[in-house]
Amino acid sequence: NLDEMMTDWIRNFLGKLESWVHIYEKNYVSLTIEINDETVCFFFDFRGKLTRKEEMLKWIVSSSSDHSKIQMMSYFCETEECSIEFKMDK
């Protein structure tokens, strides 16, 4: 089921994100979902302080290759800002 797959992926990502940020800083994450006839796109925007940026990038790349339906389209990541776009075919 695609809904369950994406829900599990988002739950895993947010759980891991919590371990990748500085806990005493203000950290914000937003999720935008765009749905069209063929795909669903997910845009994650993070503002805060990452403590394990490299670990996060490795997980993102490997997790998108583990799921053939979930494809990372783009990402930009710095210490205090990160944007990631994923696409899932319906």
Linking I/L/V/M/F/W/Y whenever their side-chain heavy atoms sit closer than 4.5 Å, directly or via other members, would [X] and [Y] fall into one cluster?
X	Y	value
Val61	Phe43	no
Leu50	Tyr28	no
Ile10	Ile33	yes
Val29	Tyr75	yes

*According to the salt bridge (charged side-chain N to carboxylate O under 4.0 Å, His left out) rule, which pairs have a member within residues 42-51, sequence neighbours left out?*
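Those involving residues 42-51 are Arg47-Glu81.
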*Scan for side chain to side chain donor-acceptor pair (under 3.5 Å) pairs involving residues 11-27, sequence neighbours excluded, and state none if there are none.*
Asp8-Arg11, Trp20-Glu55
*Taking the side chain as every heavy atom from C-beta outward, state whether Cys77 and Ile60 have any pair of such atoms under 4.5 Å apart.*
no
*Can you name the ring pair (Phe, Tyr, Trp, His ring centres under 6.0 Å) partners of Phe46, sequence neighbours left out?*
none
Return all side-chain donor-acceptor pairs below 3.5 angstrom for residues 34-42, not counting sequence neighbours, or 'none' if the list is empty.
| from | atom 1 | to | atom 2 | distance (Å) |
| --- | --- | --- | --- | --- |
| Asn36 | OD1 | Glu38 | N | 2.9 |
| Asn36 | OD1 | Thr39 | N | 2.8 |
| Asn36 | OD1 | Thr39 | OG1 | 3.2 |
| Asn36 | ND2 | Thr39 | OG1 | 3.3 |

*asked:* Does the plane of the ring in Phe86 sit parallel, tilted or perpendicular to the ring in Phe44? Use 30° and 60° as the thresholds.
replied: perpendicular
_With Ser74 via side chain to side chain donor-acceptor pair (under 3.5 Å) - residues at least two apart_ =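 Ser74: side chain to side chain donor-acceptor pair (under 3.5 Å) contacts with Glu85.
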_Spacing of Met88 atom CE and Met73 atom CE [to the nearest 0.5 Å]_ =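 It is 13.5 Å, given to the nearest 0.5 Å.
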*At what distance, to the nearest 0.5 angstrom, does CE of Met56 lie from CD1 of Ile84?*
5.0 Å
*Is the NZ atom of Lys58 crowded by more than 12 outside heavy atoms at less than 6.0 Å?*
no
